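Note sheet for the following structure.
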Amino acid sequence: MSSTAALKDLQRELEAKANDLSKLQKDIAKNHQVRKKYTVQLGENELVLKELDLLKEDANVYKLIGPVLVKQDLAEANANVRKRIEYISAELKRLDDILQDLEAKQNSKRDTILKLQQKFQALQAGKPKA
């Protein structure tokens, strides 16, 4: 009778670990989505920076603010784009660190689940058939 209770406990534990793994996988997928968005923004900003570098000192630069184009100093525009690139790069690094941590947790959960499954199968194999 105790082996049946042990099997049920083990099954509950397995289900809980599987749910945890599923949550981790969702977090990883969300991280990938956000990372993709930032990667696109980084590419766009680097392109803008290249275009700004091609301009002469006396060129007119305009910034779109809402529905209005506002004249902006070239040096100020350049500095703003560089700051934006710096910020996006820092966010990408932060997301990479989080992703690395999540993947390590995911691997650990998979190992735990595998061990629990083996234990569960061993208990089932040893259980007498009625």
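Worth saying up front: this structure is predicted, and the values here are computed from it rather than measured. Counting begins at 1 with the first residue of the sequence.
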Practice problem: Could you list the residues that satisfy side-chain hydrogen bond (donor to acceptor under 3.5 Å, both in side chains) with Asn31, not counting sequence neighbours? | Solution: none
Practice problem: Could you work out the complete set of other residues in the hydrophobic cluster of Leu102, with links drawn between I, L, V, M, F, W and Y side chains under 4.5 Å apart? | Solution: Leu24, Ile28, Ile98, Leu99
Exercise. Show the numbers, then the answer: is there a side-chain contact (heavy atoms from CB on, under 4.5 Å) between Leu7 and Gln11?
Key: CA-CA 6 Å; Leu7 274 172; Gln11 188 172 5; over 6 Å; no
Quiz item: Quick one: CG on Asn78 to CZ on Arg82, what's the gap to the nearest 0.5 Å?
Solution: 4.5 Å
Contacts table for residues 47-75: side-chain donor-acceptor under 3.5 angstrom, sequence neighbours left out:
{"from": "Asn60", "atom 1": "OD1", "to": "Lys71", "atom 2": "NZ", "distance (Å)": "3.1"}

Self-check item: Which residues share a salt bridge (charged side-chain N to carboxylate O under 4.0 Å, His left out) with Lys93, sequence neighbours left out
Solution: Asp97
Quiz item: Of all residues at least two apart in sequence or in a different chain, which pass the side chain to side chain contact (heavy atoms under 4.5 Å, CB included) check with Glu86?
Solution: none
Quiz prompt | Side-chain (Ser22) to main-chain (Ala18) donor-acceptor, under 3.5 angstrom | solution = no
Exercise. Please identify each residue that fulfils side-chain hydrogen bond (donor to acceptor under 3.5 Å, both in side chains) with Asp9, with sequence neighbours left out.
Key: Arg12
Quiz item: What residues form a salt bridge (charged side-chain N to carboxylate O under 4.0 Å, His left out) with Asp27, not counting sequence neighbours?
Solution: none
Quiz item: Taking all non-hydrogen atoms of both residues, which atom of Leu92 and which atom of Tyr38 are closest, and how far apart?
Solution: CD2-CB, 3.6 Å
Quiz item: Looking at residues at least two apart in the chain, or sitting in another chain, which of them share a salt bridge (charged side-chain N to carboxylate O under 4.0 Å, His left out) with Glu13?
Solution: none
Quiz item: Hey, is Lys115 close enough to Asp111 for a salt bridge, meaning N to O under 4.0 Å?
Solution: no
Quiz prompt | salt bridge (charged side-chain N to carboxylate O under 4.0 Å, His left out) partners of Lys17, counting only residues at least two apart | solution = none
Practice problem: Report yes if the side chains of Leu21 and Gln25 come closer than 4.5 Å at any heavy-atom pair, otherwise no. | Solution: yes
Quiz item: For the atom pair CD1 (Ile88) and NZ (Lys37), what is the distance rounded to the nearest 0.5 Å?
Solution: 9.5 Å
Quiz prompt | Gap between atom NZ of Lys36 and atom CG of Leu95 - 0.5 Å precision | solution = 14.5 Å
Quiz prompt | With sequence neighbours excluded, residues passing side-chain hydrogen bond (donor to acceptor under 3.5 Å, both in side chains) with Arg35 | solution = Thr39, Asp96
Quiz item: Considering residues at least two apart in sequence or located in another chain, which fulfil the side chain to side chain contact (heavy atoms under 4.5 Å, CB included) criterion with Lys23?
Solution: none
Exercise. Determine, using the 4.5 Å side-chain heavy-atom cutoff (strictly less than), whether Tyr87 and Ile85 are members of one ILVMFWY cluster.
Key: yes
Exercise. For Arg110, enumerate each residue passing the side-chain hydrogen bond (donor to acceptor under 3.5 Å, both in side chains) test, keeping only those at least two apart in sequence or located in another chain.
Key: none
